[in-house]
Each structure stands twice: as C-alpha cells, then as structure tokens.
**Q** 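What follows is a structure written as structure tokens; I'll ask about it next.
We're numbering straight along the sequence, starting at 1. One-based numbering, in listed order, for ligands and for the atoms of each.
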Amino acid sequence: MRSPRFQHTYAADLPERLYARPYPSSVSRPRLLELNETLATELGLDIGWLRSPDGIEMLAGNRFPADVRPIAQAYAGHQFGNFVPQLGDGRAVLVGELLDTSGQLRDVQLKGSGPTRFSRNGDGRAALGPMMREYIVSEAMHALGIPTTRTLSLVATGEHVYRETRLPGALIARVAASHIRVGTFQYLAVREDIDGLRALADYAIARHYPHLAEVPRRYLGFLNAVVAAQAKLVAQWMLVGFIHGVLNTDNVAISGETIDYGPCAFMDAYHPATVFSSIDHQGRYAFANQPRITVWNLARLAEALLPILGSEAGGDDEGFVQAKAAIGLFQARYEAAFHEGIRHKIGLFTKQPGDLDLAAELLDLMARNGADFTLTFRDLAHEVDGSGRVRNHFIDPTAFDSWASRWRERLAREPENAADRTARMRTVNPKYIARNHRVEAAIAATTDECDFGPFQSLLAVLARPFDEQPEMEEYAQPPADEERVLQTFCGT
Ligand code: AMP
Ligand code: MG
C-alpha cells in the first residue's frame, strides 16, 4: 500500500500571511461512509491505503502522513454585498496538492476538520446533512459536464454538532483545481499588500492559465481569462436550472469551477425568480440574477487587481480603463455561451434569425405554466415528430401546442432527420438532476435510519444524467406536492 505524495506549492510559493496552521483537533470515532474510487484513481491515490486505518485517519483530519502539514487559507469577501476583510478557512484545511493522471495539480481539502484562526465563533465542524448535499450535488454537476470541485470522501465523525438542534457531524474531502477565490485577492488588496497580490496572481496564472505567464500584460490577461471562465460557467448553470444560493465573492473560484455548495439547488418548475436559500431574503442570488451578480463579483476582482494592473499598464488610469473593458466583455461572453446552449437544448443545428425569440418564448411559457425545467427540455426530443407529451408539463397545455407548431416549422428549415436531432438533444438535456426532494430523502434516510441505500442510489443515478435508466425512472420525476422542498439551509 502506498501513502499519497502531496505537494505543498501554496505554502511554498506564497507569503505566510496567506495562511495559518490549524489548531490541533481530532474526532473520536471516524467512519468512512463513502469513498469516490473513480476520483481517487484519477488522483493517483491508492484506494487500499485510503480505506486503511491510516487513510481514514487522514480523511478524518486526525493524523496526516509524515511530510504533510495542512494549512487554513486566508481570504476576505463580500457577503450579500457587505465586505468582510477577514473570512478564511474557518472549518477547512488544505491537506496538500496532488498531481492527477492528466498532469493537473489538484487541491485536497478537508471540510469540517476543526477550528482554525479563521473560525471566529464557529466550531470548525460540519453536519452530516450539508456534507452529503455537497457530495451529491458536486458529483452531479461533474457528471453534467460543468466545472466543479469534486468530493473524494465522506467521513462521519462519531460526534455531534450543535446548530438549531443536535446533529451528527461529518467531514468531506473536497478536490479542487485550487481554492483561490475572488476573496483571496480581496484579502491582499484591502491590506494594500501589492507584493502579495503580485505573488498570488503569478501563482494563479502558473496554475490555471499558464499560457499567460510570458505575455506582456499578464495580469490583464488573467482578469480576462477569469471573466471568460466565469461567463461560461454561469451559462452552464443557467442551462440546467442550477441555483448556487450564496454567490458571495469568497465563493467564486478563479479557476472557473463551481465551489461551495451550501443552500444550492436545481429548480423543478421553472421560474426565473426562484430562490431557495433561507438566508437570501432579498433574492439577491435568485436564479435569473446569477449572471448579473457574477459581473458584480468580477468587478470586485478587477478592483482588487487594480494596483498590479496599473503598474503593468504604465499608469493607474490606463489600468482602470483596461479593467473596466475586461469586465464589460462578460455580457457578450455569457450570451454567446448561453445562446449556443439554448439553441442546442431546443434541437437547432443552425443559427437563424428568430431562434433566440423562439427559445425565450418557450422559457416564458414554462414560467407561466409551472413547467418542470428538466423534463420539458428532455421530453422535447420526443416532440420532433409531434408524438410527445411535453404539453402535459404545462398548466395550460394549449400554450405549448401553439409554440410547438412554430418550433416544428423552424425545424423543417433544417435538413437533419428526426432521429439525429433527437439523439443530439438527449446529449444536452439531462434526464436526471439532483432534485431537492431526493437529496433531502437521502439525507433523512441516512441520519434517521442509518440507511445509506438512497444516498448511494442517488449518486449512481446522477453519475449518468443523460442516459435512460428505466429502472430508475422515479428519480427523474418532480416532487409531489407534499415532497416539495421550498427552502434550503446553509447548515454551517
Ligand atoms: P460559507 O458560508 O461556508 O461560505 O462560509 C463562510 C465563512 O464562515 C468561511 O470563512 C467559513 O470558514 C466560515 N464558517 C462557516 N461555518 C463555520 C463553522 N462551523 N466554524 C467555523 N467557521 C465557519
Ligand atoms: Mg464559502
């Protein structure tokens, strides 16, 4: 058996003020509930070792291999619009980085691992339910082809955490391209730490955008690259009905991965104003606000980078103008990605005038008729020849009929045959998403009855979201009225 070979480039390459050593803390009776063996293999990890007592001690945050010294990363962030100059890993530690089988460096972080200098009044721990939610939803996002942090393991601590009630404790190992956030740059900017900013930007470039390392204005290139990655990411969320829930600047990764699954959710019935998070009273992070809020978050990144953008551009004014232009490009990039995606979702092979209106009309009808987002698009593939049942997803089925006849006229202006079109639509419109009521049922079965069956079935179904899985049909269905989950909780 082989213990993992961690690297520690973050601690080695960056100033010590960007991290702290966590306080010693351990859990009494760790139990490995789930190990993501596919991901472990991708990371070059020895599954036998991970399942051994030493492996479990590491995944529980109790004891690490000899050369491993975990760190808690410092960051700041705007939370619901209010700037907090110091947040940081209050209940997480970066164990180290691993070179994966494709040659990429990936962070392995434990979440729920105990208190650090950044814990403020928190206990540094996490409850089982939210950790299961992160596991399920992050892996579902990955299977949908959406950039995301991953989940390597779920460990029950054998201890309780105290929130509104007493809950079982757990931790996960989270795997990320890196954990550098918009808020990591803000942490340095608010301290006027220009050397730190430059070091962090160079580190982030080397890790995520290495082609920029040698270009003349690399920090502007970096800002542009993050804007492009975020525009694409948010478009992908909007195309599957995903709501992040807490798009604070500390929850925006500069790698372009989705990070920090708290009160997130996939919509069932489509409505652009949908909000799930119990703490989002104003609807700041409502579904349709996500592109706008992301521009706002990226503007905070641009602001943080201004000192190094200015010196690179030969003047603060010049740096400012360039930063503004970079942020201004978000909208066009977002629309390009979203428009291409939505055309594919309604089965269009070519670009023709009126296509986007046609798509917008469908979304509008869906919103007014409480149509299920996922099933409407999925079942549209059967409507190519007019034999489907999509109309049944609409409160007023005739609203769909009139749209569908215009849609079929549009399809007739393309030469593709129905079979090809249907097949292609199925590769972009998933059948299975992490529906809230299923996530909640899996958590309840585990916490109330120690039954992991529903959790494991859900993970298995969601690993193949585009495949027909006839024996798993019920997982595709929206909730019955009494199963509907209206709010999701941060559960920190
Ligand atoms: P989040 O809502 O998970 O993005 O966390 C926001 C901030 O609160 C981060 O700095 C976290 O590390 C910190 N935090 C959240 N929960 C806890 C906890 N139970 N103990 C200590 N810090 C926490
Ligand atoms: Mg966070």
Side-chain angles (χ1 to χ4, degrees), residues 18-25 27 61 70-95 107 109-135 137-138 148-149 151 157 159-174 176-187 190 243-255 257-265 276-281 284-285 293-294 297 300-301 487-492:
L18 270 174
Y19 57 87
R21 299 293 173 183
Y23 303 135
S25 117
V27 297
I71 57 171
Q73 292 173 309
Y75 52 85
H78 276 90
Q79 299 192 309
F80 290 90
N82 303 309
F83 186 65
V84 185
Q86 178 162 309
L87 289 165
D89 289 336
R91 54 161 172 173
V93 289
L94 177 65
V95 179
D107 277 7
Q109 188 205 62
L110 300 179
K111 186 169 175 178
S113 53
T116 74
R117 181 149 71 71
F118 307 115
S119 297
R120 291 171 292 170
N121 297 321
D123 59 2
R125 294 289 172 192
L128 177 60
M131 293 303 98
M132 290 179 69
R133 172 179 286 274
E134 173 149 349
Y135 198 140
V137 183
S138 65
T148 176
T149 63
T151 308
T157 60
E159 294 170 359
H160 288 104
V161 296
Y162 297 86
R163 301 295 182 256
E164 284 87 30
T165 56
R166 195 175 82 141
L167 299 167
L171 28 67
I172 55 168
R174 173 160 76 178
S178 85
H179 286 83
I180 305 171
R181 307 142 190 271
V182 168
T184 319
F185 285 93
Q186 290 181 294
Y187 182 84
V190 70
I243 306 174
H244 181 286
V246 196
L247 275 184
N248 294 335
T249 57
D250 56 301
N251 294 340
V252 177
I254 58 96
S255 64
E257 285 183 343
T258 312
I259 191 171
D260 258 359
Y261 292 89
C264 58
F276 282 102
S277 169
S278 62
I279 51 174
D280 191 0
H281 306 298
R284 179 180 171 91
Y285 301 138
I293 246 359
T294 302
N297 289 336
R300 306 289 78 76
L301 174 64
Q487 269 196 339
T488 49
F489 297 89
C490 226
T492 49

**Q** Between Arg125 and ligand 1, which part of the residue brings a heavy atom under 4.0 Å of the ligand: side chain, backbone, both or neither?
**A**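 Under 4.0 Å from ligand 1, Arg125 contributes backbone atoms alone.
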
**Q** Counting only heavy atoms, which portion of Phe118 has something under 4.0 Å from ligand 1: side chain, backbone, both, or neither?
**A**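 Within the 4.0 Å criterion, Phe118 makes no contact with ligand 1.
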
**Q** Do Arg125 and Leu171 come close enough that some side-chain heavy atom pair is under 4.5 Å?
**A**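 Counting from C-beta outward, Arg125 and Leu171 do come under 4.5 Å.
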
**Q** Does some side-chain heavy atom of Val252 sit less than 4.5 Å from a side-chain heavy atom of Arg300?
**A**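 Result no, sub-4.5 Å side-chain heavy-atom pair not found.
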
**Q** With 2.8 Å as the limit, jot down which protein N, O or S atoms are around the Mg ion (ligand 2).
**A**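 Atoms qualifying: Asn251 OD1, Asp260 OD2.
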
**Q** Once rounded to the nearest 0.5 Å, what's the spacing between atom OH of Tyr75 and atom CD1 of Ile180?
**A**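 Spacing of OH (Tyr75) from CD1 (Ile180) equals 13.5 Å.
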
**Q** Mind checking side chain to side chain contact (heavy atoms under 4.5 Å, CB included) for Pro22 and listing every partner two or more places apart, or none if nothing turns up?
**A**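 Partners of Pro22 under the side chain to side chain contact (heavy atoms under 4.5 Å, CB included) test: Pro70, Val93, Thr116.
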
**Q** According to the side-chain hydrogen bond (donor to acceptor under 3.5 Å, both in side chains) rule, which pairs have a member within residues 243-254, sequence neighbours left out?
**A**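 Sorted pair list: Gln186-Thr249, Asn248-Tyr285.
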
**Q** Taking both backbone and side-chain atoms of Arg91, is any N or O found less than 3.5 Å from an N or O belonging to ligand 1?
**A**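 Min N/O separation from ligand 1 is below 3.5 Å for Arg91.
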
**Q** Counting each atom of ligand 1 from 1 as listed, which ones have a heavy atom of Arg120 under 4.0 Å away?
**A**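 Counting atoms of ligand 1 from 1, those under 4.0 Å from Arg120 are 7 (C), 8 (O), 10 (O), 13 (C).
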
**Q** Within the 4.5 Å heavy-atom criterion, are Pro263 and Ser278 side-chain neighbours or not?
**A**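 The answer is no, as the side chains (C-beta and beyond) never meet within the 4.5 Å cut-off.
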
**Q** Out of Gly124, Gly90, Ala126, who gets a non-hydrogen atom closest to atom 22 (N) of ligand 1?
**A**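 Result: the heavy atom closest to atom 22 (N) of ligand 1 is in Gly90.
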
**Q** What's the spacing between Ser138 OG and Glu257 CD if we round to 0.5 Å?
**A**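 Spacing of OG (Ser138) from CD (Glu257) equals 10.5 Å.
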
**Q** As an exercise, state the distance from CG of Leu247 to CD1 of Ile259, rounded to the nearest 0.5 Å.
**A**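 Those atoms lie 12.0 Å apart.
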
**Q** Just to verify, what does Arg181 make a salt bridge (Lys or Arg N to Asp or Glu O under 4.0 Å) with, not counting sequence neighbours?
**A**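 Partners of Arg181 under the salt bridge (Lys or Arg N to Asp or Glu O under 4.0 Å) test: Asp260.
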
**Q** Consider every N or O of Asn251 and every N or O of ligand 1, then say whether any pair is closer than 3.5 Å.
**A**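 Yes, there is a polar N/O contact under 3.5 Å.
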
**Q** Is Asp123 in contact with ligand 1, taking contact as a heavy-atom separation below 4.0 Å?
**A**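 Heavy atoms of Asp123 do come under 4.0 Å of ligand 1.
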
**Q** Is there a nitrogen or oxygen of Gln79 sitting under 3.5 Å from a nitrogen or oxygen of ligand 1?
**A**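 No, since none of the N or O atoms of Gln79 sits under 3.5 Å from an N or O of ligand 1.
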
**Q** Please list, in number order, the atoms of ligand 1 under 4.0 Å from a heavy atom of Gly88.
**A**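 Checking each atom against Gly88, I get 9 (C), 10 (O), 11 (C), 12 (O).
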
**Q** Which atoms from ligand 1 have a heavy atom of Asp250 less than 4.0 Å away?
**A**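 Counting from 1, the qualifying ligand atoms are 4 (O).
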
**Q** Which atoms from ligand 1 have a heavy atom of Asp260 less than 4.0 Å away?
**A**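 Those of ligand 1 that fall under 4.0 Å from Asp260 are 4 (O).
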
**Q** Output the list of atoms in ligand 1 that are nearer than 4.0 Å to some heavy atom of Tyr75, sorted by atom number.
**A**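 Listed by number with element, the hits are 9 (C), 10 (O).
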
**Q** Do the side chains of Tyr19 and Leu94 get nearer than 4.5 Å, heavy atoms only?
**A**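 Side chain of Leu94 against side chain of Tyr19, heavy atoms only: no contact under 4.5 Å found.
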
**Q** Show the numbers, then the answer: is there a side chain to side chain donor-acceptor pair (under 3.5 Å) between Tyr261 and Thr149?
**A** CA-CA 9 Å; Tyr261 292 89; Thr149 63; 5.1 Å; no

**Q** Mind checking whether Leu87 has an N or O less than 3.5 Å away from an N or O of ligand 1?
**A**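 No.
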
**Q** Can you tell whether the side chains of Lys111 and Glu134 come within less than 4.0 Å, N to carboxylate O?
**A**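 Between Glu134 and Lys111 there is a salt bridge, with a charged N closer than 4.0 Å to a carboxylate O.
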
